[in-house]
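Working notes, structure below.
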Number of protein chains: 2
Amino acid sequence: MDNDERVIGIKDVAKAANVALATVDRVIHNRAGVSVKTKVKVLKVIKQMGYKPNIMASNLSKSKKIVIGVLLPNISEGSGYWEFPMQGILKAKKELAQYNIKIKTYTFKQDNNKEIRKKILELINSDIQGLVLTSKFADEIEILLEDCKQKNRPYVFIDSNVRKIDALSSIHQPLFESGELAAQLFNYCFNKGEILVLHLKKTMDTEGIISLKEKGMNAYLKENNNAITTKSLVLTDFNEDAISGVLFKTLKENPFIKGVFIPNSKVAYIAKYFEKRGGDKIYLIGYDFFREDIEYLEKEIIDFLICQRPEEQGYQAVFKLFEHLVLKKEVEKEIIMPLDIITKKNYKYY
Amino acid sequence: MDNDERVIGIKDVAKAANVALATVDRVIHNRAGVSVKTKVKVLKVIKQMGYKPNIMASNLSKSKKIVIGVLLPNISEGSGYWEFPMQGILKAKKELAQYNIKIKTYTFKQDNNKEIRKKILELINSDIQGLVLTSKFADEIEILLEDCKQKNRPYVFIDSNVRKIDALSSIHQPLFESGELAAQLFNYCFNKGEILVLHLKKTMDTEGIISLKEKGMNAYLKENNNAITTKSLVLTDFNEDAISGVLFKTLKENPFIKGVFIPNSKVAYIAKYFEKRGGDKIYLIGYDFFREDIEYLEKEIIDFLICQRPEEQGYQAVFKLFEHLVLKKEVEKEIIMPLDIITKKNYKYY
DNA sequence: CTGAAAGCGCTTACAG
DNA sequence: CTGAAAGCGCTTACAG
């Protein structure tokens, strides 16, 4: 299993093929300037001897750095969700600094189209060799993707709902299934009643994502428990009073509501209302885990959060680009994150 | 933030300190043969210039390999649990092969003390520079640990219930809290009744682990719902008929049992019985996720599994030794794994 | 106690 | 199209 024999290197290949080191190097990297005859000969020897390049040596002698660009919303606003992928990206950055990898981040305000366009132009005119981004701005980024394609720059999506065929890799959570999971959890909490599905609209949350989750939920209920139904409600105003008003009215008119499903990362807004409200227990399930959720998890106002390891998504995205650019490895076209379930009793270890 | 200036190396330090390269190297690695005066001078310059060694170059020029030993039960028997840490270890092995890291595995049959002793002796007489093991064989491994201590060989525990002060790191799941979590989940399933805690005894499962989980469960119930009580039962015979007999009798005599808690990885044994049994739904919660559980998850006979990322534990253990031995990094003394919750609807992505 | 030099396995101009 | 040589930033004998 472990062979402790001397590892064969480019020098051995050169000798065996009766060519110079530089020629072997040219063949390995598929560079121009080698006769077909020589190339075939060298490739044959490489295969025969089982030559594997030494990445450490390769990197050491390589002069230029590899720069990976990151295009994501900035973290100081909105749901704060993007803080987590960014943490993973920074972790990868630290680890990969050894390999001459640089990370350049381009952040923007989510609803500032002018700024987004500016960052896209910067990226197009930059010297990056790979790109991490999210697919939630389909309209804005198409031109950037087109540019990447032309320049043969690989890009990786994180938190992307769609699988982009031209991407090196797309990292995402299974949306439909997460809706099923939420339904299953509600079904453990009560046997009959109604689930209120709250669509809290904001720039970033495309309706596609939310509706896919809702479809998953309905599919589960249809198959497993017809005594639980769902009812959708769209909220556009996030003002505390507005939320209170709407929820008070809705719950009063629909006394069978036993659970509330918030298919994005805004549960805390809703939990705030339920903290003050009396009456029968109403179960709350939402997405993503933030500091402000802890209080409500502890009080079991929020019962379950479905999470998608945003930090790991960021880390993986950079790492996959590294594997592709430096290690020349095959990279999975699609990486599906687990559906993590967070409750009062396990959030501390997440 | 990114400084693209030339990175300063050992050569720059040598020049600035007015000494030879070799001397700087000696100081960096704290090797003997440097006058105090020179050492102080060099250290000062290193600090001043912010010198960071280049690991790739360091590794490239280093001649000897680093060998990490792994002492774990073999995977072809029992619960098969150890297959997962081993997978993580193999993943780390592949990744770290670049760094001249070798992994030597020493596996044994769980209940074969003679073989365990033999492997321990092999390890003592081996040339390993680090060790991964599990703390579940406290009696057998004490002498090995003592030997490691004397030889200054770092070791990392995985799946360890105790925090060993001399270990480089201990990787484990929070046991008490996992019991609390199980109780919380049961509490979502029913409001009153009894939970049967099944102790399935086998060599590897120390009573300490199981009782800690049970204590966590009781603590949660005491605090949150007095209408749910627990009842313990010890099973020593895993024969299908024996299990059927005991369970039939117990459930008949205790009609208020609404849930069964199996605080180790043997849920499937019990699920088998419940598959055939009629009557009211009884909720099942167990630990760890195996292929044979899938069938029962799908049928919702097993409701929840609490998992501790065994694969990641194996990976991390090797990686932490790598960080310590090669990168000379600080390593956390204790790494606590998240309490993952697996159900019918998310196991596919785990 | 200190230093000069070779070498790790590649890549990169440069020369032919 | 091909090769000889210098160099990446360290470590390792060897000499003094």
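Only heavy atoms go into these numbers, but all of them, side chains included; no hydrogens, no water, no symmetry mates. The chains referred to below are lettered A, B, ... by the order of the sequence lines, with proteins before strands, and numbering in each begins at 1.
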*Among C:dG9, C:dA4, D:dT12, find the nucleotide with the atom closest to the side chain of A:N54.*
C:dG9
*What's the closest nucleotide to the B:T38 side chain, out of D:dC10, C:dG3, C:dT2?*
C:dT2
*Mind checking who D:dG3 pairs with, Watson-Crick or G-U wobble, both distances under 3.5 Å?*
C:dC14
*Please report, rounded to the nearest Å, how far the P atom of C:dC8 is from the CG atom of A:D12.*
11 Å
*asked:* If you assign A:T23 and B:L21 each to the DNA chain D nucleotide with the nearest heavy atom, which residue ends up on the more 5' nucleotide?
replied: A:T23
*Expressed in angstrom and rounded to an integer, what is the separation of A:K62 atom NZ from C:dG9 atom C1'?*
13 Å
*Mind running salt bridge (Lys or Arg N to Asp or Glu O under 4.0 Å) on B:K91 and B:E311 for me, showing each step along the way?*
CA-CA 9 Å; B:K91 188 184 164 209; B:E311 188 181 327; 5.6 Å; no
_Trace of the ring pair (Phe, Tyr, Trp, His ring centres under 6.0 Å) decision for A:F108 with A:Y106_ = CA-CA 7 Å; A:F108 53 87; A:Y106 300 78; over 10 Å; no
_From CG of A:N59 over to P of C:dC10, roughly how many Å is that when rounded to an integer?_
12 Å
*Grab the NE2-P distance between B:H29 and D:dA13 for me, whole Å please.*
14 Å
*Atom CE of B:M56 to atom P of D:dG9: distance rounded to whole Å?*
12 Å
*In terms of side-chain heavy atoms of A:L60, which of D:dC8, D:dT12, D:dC10 is nearest?*
D:dC8
*Which nucleotide sits closest to the side chain of B:R26: C:dG3, C:dC10, D:dG9?*
C:dG3
*Would you call B:K102 and B:D127 a salt bridge, taking side-chain N to carboxylate O under 4.0 Å as the test?*
no
*Which one, D:dG9, C:dT12, D:dC8, comes nearest to the side chain of B:S61?*
D:dG9
*For B:K15 and D:dC10, what is the distance between atoms NZ and P respectively, to the nearest whole Å?*
14 Å
_Salt bridge flag under 4.0 Å for residues A:E115 and A:K118_ = no
_Applying a 4.0 Å non-hydrogen cut-off, can you work out what B:K39 is touching in the nucleic acid: base, sugar-phosphate, or nothing?_
nothing
*Nearest to the side chain of A:A57, which nucleotide is it out of C:dG3, C:dC10, D:dT2?*
C:dC10
_Spacing between A:I10 atom CD1 and C:dG7 atom P, to the nearest angstrom_ = 18 Å
*Flag the pair B:K149 and B:E146 as a salt bridge only when some basic side-chain nitrogen lies within less than 4.0 angstrom of an acidic carboxylate oxygen.*
no
_Distance, rounded to the nearest Å, where B:I28 contributes CD1 and D:dC10 contributes C1'_ = 9 Å
*Just compare D:dC10, C:dT2, D:dT2 and give me whichever is closest to any side-chain atom of B:S58.*
D:dC10
